[in-house]
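None of the values given here were measured: they were computed from a predicted structure. Chain letters run A, B, ... following the sequence lines, proteins first, then strands; residues in each count from 1.
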Amino acid sequence: MVRQGQKFRRVIGDYKMIIPIRCFSCGKPIAHLWEDYEKRVGKGEDRKKVLDDIGLERYCCRAVFLGHVDLLKDAAKFKKF
Amino acid sequence: MMDAGKKVVNVAGESKMEVRLLDKIKDEKMYFLLKNSDVFFANTLRRLMIEEVPVMAIETVEIRENSSALYDEILAHRFGLLPLKTDLKSYNMPQECTCKQEGCAKCTLKLTLSAKGPGMVYASGFKSKDPKVKPIFPKTPIVELFKDQEIKIEATAVLGKGKDHAKFCPGLFFYKNRPIIEIVKKDQITQQCIDSCPKKVFVLKNKKPEIDKDKVLKCDLCNACVEACKGAIKLESSNSDFIITIESFGQLSPKDIVIKAAEALDNKLKEFGNLLK
């Protein structure tokens, strides 16, 4: 049961539809950096190097990028209530 | 410590406040040194910058059409958080405007956005009535539209203050006490002491340990050097000098933020003075 609960929480925790406009903690606008980051990481660049390059120095902003999963495409398959 | 010889002293015998620009990175970041002041003043400045400097942001949104995967509320929230380039000269706060909060061209700005899928909708898609005020980061993704999805939005931007909503914050502002580092016993300083500093404040000059004057202000007061050298280095933090960092989100330049904050303090004190009369 405990294991199930953990699994469930994890799904909810990772559930972000689209990159937030601003950092959750400090409020710095970050969304405009996302596509560049995604492209470069997709090419196989080191995440640390990319984050340093695009100018995210605090760990709050970096965490938003590292933990983000784009799920809008999946969510769009279902009807909105 | 560094320039104790040329202290400016006023009539009462107190040292005068001094401001020195340390570094400036584009129009985003500014570092300056506030000398001969105190924590109370530095903190007042910080609070004024966060909550009293007006900045433009989208406040009301009229959604004509939204068949995207995101709810109307999520869209409206995302619009609100978009930083808009702010022109303080041509706009008034809605509460202080001559139109008595009816919403005229001097206190409100209409922006429209309409897009059809498939494709990503960016902040650059916003059409603003005033070419000066528009989203600062045009590459900000707002929503991804898929086949047969459409959004049509009319938004109204106003000036607001950070105490009403965090979206009206012009930037980040923080300070630290100025570090005072002193090498007490030069002969006891080993290579280990010099390497212990993560900011590399210490350098060897002609085999003698010295403090790098350019890097002293980068010291984080982490105490690593004191622990590594056991009494050879003295580290203190000043109670009157502060290193202040301003990081603008882009709506205003860091310089404008400080000036506006100082004006806000001035107005508050004037109001208080008038009430006392």
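With a threshold of 4.5 angstrom between heavy atoms, L172(B) approaches chain A through side-chain atoms but not through N, CA, C or O. For chain A, no part of I74(B) is nearby; none of its heavy atoms comes within less than 4.5 Å. Contacts between K29(B) and chain A at a heavy-atom distance below 4.5 Å involve the side chain alone, from C-beta outward. Neither the backbone nor the side chain of E28(B) comes within less than 4.5 Å of any heavy atom of chain A. Residue K73(A) touches chain B through both its backbone and its side chain, counting heavy-atom pairs closer than 4.5 Å.
Taking CD of E57(A) as the start and CD of E247(B) as the end, the distance is 6.0 Å to the nearest 0.5 Å. In this structure, the separation between CD1 on I18(A) and CE on M120(B) is 4.5 Å, given to the nearest 0.5 Å.
Contacts between residues 129-146 of chain B and chain A, counted as heavy-atom pairs separated by less than 4.5 Å, involve F137(B), K139(B), T140(B), P141(B), I142(B), V143(B), E144(B), F146(B).
Other residues, nucleotides and ligands place no more than 12 heavy atoms under 6.0 Å from the CZ atom of R47(B). Counting non-hydrogen atoms of other residues, nucleotides and ligands closer than 6.0 Å to NZ of K85(B) gives a total above 12. A 6.0 Å sphere centred on NZ of K116(B) holds no more than 12 heavy atoms belonging to other residues, nucleotides or ligands. Taking a 6.0 Å sphere around NZ of K176(B), one finds it holds more than 12 heavy atoms contributed by other residues, nucleotides or ligands. Enclosure of atom CZ in R58(A) by more than 12 non-hydrogen atoms of other residues, nucleotides or ligands within 6.0 angstrom is indicated.
Residues K167(B) and I21(A) have side chains not in contact (no heavy-atom distance under 4.5 Å, counting atoms from C-beta outward).
For chain A, the option among G171(B), S67(B), S68(B) with the highest count of heavy-atom pairs below 4.5 Å is S68(B).
Of all the heavy atoms in Y122(B) and E35(A), the pair that sits closest is OH-OE1, 2.7 Å. Listed here is the closest heavy atom pair of P20(A) and R78(B): CA-NH1, 3.9 Å. The shortest non-hydrogen separation linking P29(A) to F249(B) is CD-CD2, 3.6 Å.
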